Amino acid sequence: MTNHKIAQILRNVASAYTIKNQTKFRFQIIAYQRAADAIENSTAEIKDLTKEGKLETLPGVGPSIKSHLEELIKTGGVKHFNWVFKDIPKSFFFLLEIPGFGPKTAYKLVKEFNLKNPDTVISDLKKIAEQGKIAALEGFGDKSQAEIVTAIKDYESGKGKTSRMTLPYAYELAQKLVDYLKKSKDAIEVYPLGSLRRMVSTIGDIDIAVSTKNPKEIIKHFVSYPYKERILEQGEATASILLSSGRQVDLMTQTPESFGSLLQHFTGSKNHNVHLREFALKKNFSLSEHGIKRKAKGGWKTEEIATEEKFYNILGLKWIPPEIREDTGEIEASHRNKLPTLIELNDVKGDLHIHSNFPIEPSHDLGNNSMEEMIKKAVELRYDYIGFSEHNPSVSKHTDDQIRSILERRKEKIEQIKSSNKNIRVINLLEVDILSNGNLSISDNVLDSFDGILVSIHSAFNTNKQTMTKRILSGLSHPKAKILAHPTGRLLGNRFGYELDFEKIFDFCKTKNKALEINCWPTRLDLPDIIVREAVKNGVKMFINTDSHAAWQMDLMRYGVAVARRGWAEKKDILNTLSYDDLFRWFSK
DNA sequence: GCCGTTTTCGGCCCGACTGTTTTCAGTCG
């Protein structure tokens, strides 16, 4: 059962409570919604957290929801939920999937028109709306009836259900909108915020904030964006549009004097903001995107906040980096002045997962650029060192002697490159497959000439946790094996990673001087941020590598750094922040 | 149902927008 599915079930519980008795269950409704948010946003699978007994680490999951989740994972159902869902037609929950339908609207329509069939409820309702039968109901009218038809049509055509974007894609999309908005003379500052600013590994929709003294003009300009499909909302200070691609873009405006409050509000996460506002309330402050209200004699007094730093400082907090605003302890850490000094892109001194086009005749893909071209790019990035780590030569197509001969030629090439490039150090590495039996795909004796090797899984993913963990530890135990590349094997939007016993892997890395990779490839971003955080807590060292197959891809480093930051990693946790000499010493250990 | 500068009891974020309404309910983020 996926996190998305589990979150949906919890939201259904909240919706069912709303129908049963909104007043009586008011706080249960909030609690279930909050837990659903946390589960939807969690990069760890609930299934795994349940097995590991770590469900309580999710904000909003307490003893009661925890035991319900355990029951759900174990048996596929929950007795208590069945009681909450009793007497509510299944079709009700199907209607909730349509944007704009909340529990009140959905239930009223299901009851009024006796829509009991979950398979046809949506098309049935569309017909009823098209026949003009809804406008007559109390609380509805012509406009809401037309909106129902539009929403269902959007839903049926798959709009809004498009899968989440990779970070670079979302960045490009946001940049186009930022450039467009900046064309308005009334735009003072324009920033993409929301999950994009927090650098979440996948992005749902685009949020943009504009600082302006003339919000009306900005809104007018925004809703005239040439690539919009239609306007979803348009008010005095905010607006939303749907792009032809099915992506939603939300815009918020604020005056320059209060822009700090908007930056804070619109960056989120939602759970971070809720927690921050509860924290503030106890200090007699009330927070919003407009500023900070202070309890004073004769009511509340609002103060405008121009910068985000000031916003946090007034609450007695240090500014919190956007990447860790997920309500996982950052507010408490800030309050105790115990925030981590997160690693920065500038701390990175080299990239050790680089595939050049050297004709190594590999089992997997070869790079597109020469070693010289990759080095040129590394120099541009002001790196101190670069590590070449092509895949090992294909084993099925070569004899041992042929492999040895290819690798010798490659070593000569690297030696030649070393002597002609004095301004950057070159490290001789190789990416080697770990076979399903735990052996490395090429034999021991040819590995001696390398400074180190990266090991990784590229086949036989479908195996259980114990077997895969054993397989990986077996591969990593080779004395030259120093880095486990893209450790979970996940491909975002495509396949889940294989399950691993990370406690064992962490132990092994620490005692045997091995490291885990944070792979920057946009659909990998592997290790996932939540596991990075566990690694940091356990004192396990990591590399951030781009896995570049072309020179331009070395720019993807910032996405891996973002993953590290989201995992609360500091410079000391990441080995490719070391000087060349220190790094080489680590490789020799 | 969750959770903690003080609180293991007694609180629980805040506001924009829309549509159907003469003052508000529902939804969303």
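Below, chains carry the letters A, B, ... as their sequence lines are ordered, and counting in each starts from 1. Bear in mind that the values here come from a model prediction, so they are computed numbers and not experimental data.
Here, dT18(B) and dC9(B) have their P atoms 46 Å apart, quoted to the whole Å. Separating the C1' atom of dT8(B) from that of dC17(B) is a span of 40 Å, rounded to the nearest Å. Of the P atoms belonging to dT23(B) and dG11(B), the separation is 32 Å, rounded to the nearest Å. A distance of about 29 Å separates the C1' atoms of dG29(B) and dT22(B), rounded to the whole Å. Rounded to whole Å, the separation between the P atoms of dG15(B) and dT20(B) comes to 26 Å. For the C1' atoms, the distance linking dT7(B) with dC12(B) amounts to 13 Å, nearest Å. Separation of the P atoms belonging to dT27(B) and dT21(B) is 16 Å when rounded to the nearest angstrom.
Between R11(A) and D37(A) there is a salt bridge, since a side-chain N of the basic residue sits under 4.0 Å from a carboxylate O of the acidic one. For E308(A) and R197(A), the salt-bridge test passes: some basic side-chain N is under 4.0 Å from an acidic carboxylate O. With salt bridges taken as basic N to acidic carboxylate O contacts below 4.0 Å, none links K79(A) and E71(A). Ion pairing between E330(A) and R325(A) fails under the 4.0 Å rule for side-chain N and carboxylate O. Ion pair R198(A)/D207(A) not flagged as a salt bridge, since none of the NZ, NE, NH1 or NH2 atoms sits closer than 4.0 Å to an Asp/Glu carboxylate oxygen. The pair R34(A)-E278(A) meets the salt-bridge criterion, since a charged nitrogen lies less than 4.0 angstrom from a carboxylate oxygen. For the pair K126(A) and E156(A), the salt-bridge criterion is met [side-chain N within less than 4.0 Å of a carboxylate O]. A salt bridge links E499(A) with K47(A): at least one charged nitrogen is closer than 4.0 Å to a carboxylate oxygen.
Between the CD atom of Q28(A) and the C1' atom of dC12(B) there is a distance of 12 Å, rounded to whole Å. In this structure, F101(A) atom CZ and dC28(B) atom P are separated by 10 Å, rounded to whole Å. Rounded to a whole Å, the OH atom of Y17(A) is 10 Å from the P atom of dC2(B). Atom CZ of F279(A) is separated from atom P of dT6(B) by 11 Å (rounded to the nearest Å). Distance, E147(A) CD to dC28(B) P: 11 Å, rounded to whole Å. Between the P atom of dT18(B) and the CZ atom of R230(A) lies a distance of 13 Å, rounded to the nearest Å. Residue I241(A) contributes atom CD1, which lies 14 Å from atom P of dT18(B) at whole-angstrom precision. With rounding to whole Å, I148(A) atom CD1 is found 13 Å from dT18(B) atom C1'.
You'll find that the side chain of L281(A) is closest to dC13(B), out of dC17(B), dG15(B), dC13(B). Side-chain proximity of H80(A) to dC12(B), dG1(B), dT27(B): nearest is dG1(B). Nearest nucleotide to the side chain of V274(A), out of dC13(B), dG26(B), dT18(B): dC13(B). Taking only side-chain atoms of P103(A), from C-beta outward, the nucleotide of dC12(B), dT27(B), dG1(B) with the closest atom is dT27(B). Here the side chain of R277(A) is nearest to one of dT20(B), dC14(B), dG29(B), namely dC14(B).
Judged by a 6.0 Å distance limit and a 45° cone about the ring axis, R26(A) is not positioned over the six-membered ring of Y17(A). Taking the ring centre of W83(A) as origin, the terminal cationic atom of K20(A) falls inside the region bounded by 6.0 Å and 45° from the ring axis.
Under 4.0 angstrom from either OP1 or OP2 of dG15(B) there lies at least one side-chain N or O belonging to K293(A). At least one side-chain nitrogen or oxygen of H290(A) sits closer than 4.0 Å to the OP1 or OP2 atom of dA16(B). Here S286(A) does not reach the OP1 or OP2 of dC13(B): none of its side-chain N or O atoms lies under 4.0 Å away. For T238(A) and dC17(B), the shortest distance from a side-chain N or O to OP1 or OP2 is below 4.0 Å. Applying the 4.0 Å criterion to OP1 and OP2 of dT20(B), one finds that S144(A) has a side-chain N or O inside that range. Checking the phosphate oxygens (OP1, OP2) of dG1(B), a side-chain nitrogen or oxygen of S64(A) falls inside 4.0 Å. A sub-4.0 Å separation between OP1 or OP2 of dG26(B) and a side-chain N or O of K104(A) is present.
Using a 4.0 Å heavy-atom criterion, one finds that N271(A) contacts no nucleic acid atom at all. Residue contacts for K108(A): at a heavy-atom cut-off of 4.0 Å it reaches no nucleic acid atom on any strand shown. At a threshold of 4.0 angstrom between heavy atoms, the contacts of Y32(A) are confined to the sugar-phosphate backbone, with no base atom among them. L276(A) comes within contact range of no nucleotide atom at all, as no heavy-atom separation falls under 4.0 Å. Residue contacts for I29(A): at a heavy-atom cut-off of 4.0 Å it reaches no nucleic acid atom on any strand shown. Among the atoms of the strands shown, none is found under 4.0 Å from any heavy atom of I30(A). F140(A) comes within 4.0 angstrom of sugar-phosphate atoms only, judged by non-hydrogen atoms across all strands, and of no base.
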Protein N or O to nucleotides 7-10 of chain B N or O, pairs below 3.5 Å:
none

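Taking the nucleotide of DNA chain B with the nearest heavy atom to each of K66(A) and L315(A), the more 5' of the two is matched to K66(A). With the nearest nucleotide of DNA chain B identified for both I65(A) and W300(A), I65(A) has the one nearer the 5' end.
With both pairing distances under 3.5 Å, dG29(B) is matched to dC14(B) as a Watson-Crick or G-U wobble pair.
The closest donor-acceptor contact from the side chain of R247(A) to the backbone of I206(A) lies at 3.5 Å or more, if one exists at all.
Between F27(A) and dC12(B), a base-stacking contact is recorded: ring centres under 5.5 Å apart, planes less than 30° from parallel.
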